[in-house]
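Residue numbers start from 1 in every chain, and the chains themselves are labelled A, B, ... in the order their sequence lines are given, proteins ahead of strands. Remember, it's a predicted structure, so these values are computed and weren't measured experimentally.
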There are 2 protein chains.
Amino acid sequence: MTDGNAGTVKSVETMFAVVDVLRERDGARVTAIADELDLSKSAVHKHLSTLRNHRFAVKEGDEYRLGLGFFGYGSYVRTRYDVFRKAKPLIRELADETGEMVWLITEENGMGMYLFGDGGSLDVNVDSLVGTWRHLHLNSGGKAILSRLPEERVVEIVERHGLPRRTDATITDLDELLAELETVRERGYALNLAEDMAGIHAVGVPIVHRDRVQGALSIAGAANRLTEDRIHDEYADRLLTAVNDLELNLTYR
Amino acid sequence: MTDGNAGTVKSVETMFAVVDVLRERDGARVTAIADELDLSKSAVHKHLSTLRNHRFAVKEGDEYRLGLGFFGYGSYVRTRYDVFRKAKPLIRELADETGEMVWLITEENGMGMYLFGDGGSLDVNVDSLVGTWRHLHLNSGGKAILSRLPEERVVEIVERHGLPRRTDATITDLDELLAELETVRERGYALNLAEDMAGIHAVGVPIVHRDRVQGALSIAGAANRLTEDRIHDEYADRLLTAVNDLELNLTYR
DNA sequence: AAAATCGTTCTCTGATGGAGAACAATTATC
DNA sequence: GATAATTGTTCTCCATCAGAGAACGATTTT
């Protein structure tokens, strides 16, 4: 527990290293992987064969890439989230209605992950954000989630993952974050005023079900459209209503 | 090569076994996994810790489940497919226009996988099919893909994965399949007349780019709406046009 | 044509994966 | 409510196997 990787399976650890090289390089050949990881070619080859047998890697000529096996298991994991299945049609609706991006984010081990996103024109590529890990303090959905966690967990999370800065507006101080979360609790929704990406504003509302935060919905878009005023006047209420519907849906349907 | 799992890493193999138990059981506890796999508790525990460190498993109380790590890597793999990124908006459009389900399927190691799907009133159904492996002979998109593979590869694939029957209409004979693929080549699109699921018809068109099949688009829906006649008269042409657009998009944009 | 580099398949050995015992904590049973 | 059974986790320790290195033919470079 104190030691990070005590009691782990080393060869699985190296397998993950191989996988990460394949991901970072968008595919690689045996020798390149062996060089990068300081492993013998034979060892790397053995790992790649193993991965291939389980469809987690594919071989194209002499180049190996990650296989669709990951997508298969990944889709399964997402589909297991009740909140995803129920939020998806709602998100579509909200995206069509507002013309902005609408996101579902959830938390695991103190980090956030976008489970689904829709809408928005060409500003941000939705698909490249889905499935990526995000620090929770950097976005409205993440802050909405944090606002519903016990303070000791928030502190724990910040200690583990830190509060990296992305823009001038990023909250990088724990006390400041805790104060902001108090505001979020009172108000019912969280803002993101260019704290992650310059020029992008957002509102986020936590999804609570059975006394647990299941995630958060958020609306994000260009700062000149999603002004602070319009968020308070229009978007926040629309989002609160949507989340309320969703929470009822989670309970009764 | 002859021996299926010669030259593989055994402990990675057992890791995958653990992962599969977690998937099949929708989460499990240490002892249950150890019992099922005939492993010691300590071994299973070590594997679970390793998986957890890499976010491929999470622990909730004493129960372990697969983690969002899979979804992260899975999303990456899908996004790497150019054909997915470019087909997605087109599929949305087609789904809205026709009111039927529209699918993108691709092939890896002789099996098909739905990369994306949209539309249809049975919206729930869509997400449970995305990310699952499908035999290629069972659906229109798969047959469309097969029609563009060299005959020896088709034979190879059938030898490896067989031609399992799903309904009365399923093609279970290799020669019959090869003949059908010839028809598909001449006509440009493949049909699926309740060969996988009773009451479901579909049309599929292969997506060819740089002399390789990148996948196939298909339209699927209730047999009483997608009658054979209407497929030939309406849907096939609409789909061929869409795929043609997509192929140009793949080349020039 | 020669040299270099590649992926794959061997053999071999030291590191380590997995069994089993021990433990406290929890749950089941009476 | 006390006892017994079962749990997850952490040890130690030995037999296994993960990984190094050499050898191979096939490609690619020079």
Rounded off to whole Å, could you give me the [atom1]-to-[atom2] distance for the [X] and [N] pair?
X	N	atom1	atom2	result
L48(B)	dG8(D)	CG	P	10 Å
L51(B)	dG17(C)	CG	P	13 Å
L39(A)	dA18(D)	CG	P	13 Å
K10(A)	dA18(D)	NZ	P	14 Å
E13(A)	dG17(C)	CD	C1'	13 Å
D62(B)	dT27(C)	CG	C1'	11 Å
D38(A)	dA20(D)	CG	P	9 Å

State whether [X] and [Y] are salt-bridged, where the test is any N-O pair (Lys NZ or Arg NE/NH1/NH2 against Asp/Glu carboxylate O) under 4.0 Å.
X	Y	value
E63(A)	R25(A)	no
R65(A)	E60(A)	yes
K88(A)	D127(B)	yes

Can a side chain N or O of [X] be found less than 4.0 Å away from OP1 or OP2 on [N]?
X	N	answer
Y64(A)	dT8(C)	yes
H45(A)	dT8(C)	yes
S40(B)	dA19(C)	yes
H47(B)	dG17(C)	no

> Starting at the 5' end of DNA chain C, which residue's closest nucleotide do you reach first, K59(A) or S11(A)?
Replying inline: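 That would be K59(A).
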>> Restricting to non-hydrogen atoms, name the atom on N109(A) and the atom on R55(B) that form the minimum distance, rounded to 0.1 Å.
In response: CB-NH1, 4.2 Å
>> Assuming nearest nucleotide by heavy-atom distance, tell me which of K41(A) and T14(A) is located more 5' along DNA chain D.
In response: T14(A)
> Out of L217(A), T106(A), I91(A), V130(A), which one pairs with F116(A) under the side chain to side chain contact (heavy atoms under 4.5 Å, CB included) rule?
Replying inline: I91(A)
> By a strict heavy-atom criterion of less than 4.0 Å, which residues belonging to residues 16-36 of chain A are in contact with DNA chain C?
Replying inline: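 Within this stretch, R29(A), V30(A), T31(A) sit under 4.0 Å of the strand.
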>> Would you say CD of E151(B) has more than 12 non-hydrogen atoms from neighbouring residues, nucleotides or ligands within 6.0 angstrom?
In response: no
> Hey, would you say the Y73(A) and F56(A) ring centroids sit under 6.0 Å apart?
Replying inline: yes
> Picking from dG8(D), dG18(C), dG19(D), which would you name as closest to the side chain of K46(B)?
Replying inline: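 When the side chain of K46(B) is considered, dG18(C) is the closest of dG8(D), dG18(C), dG19(D).
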> Picking from dG18(C), dG8(D), dG20(C), which would you name as closest to the side chain of V9(A)?
Replying inline: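 The nucleotide sitting nearest to the side chain is dG18(C).
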> Contact class for S42(A) (heavy atom, under 4.0 Å): base, sugar-phosphate, or nothing?
Replying inline: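 Here S42(A) touches the bases of the nucleic acid.
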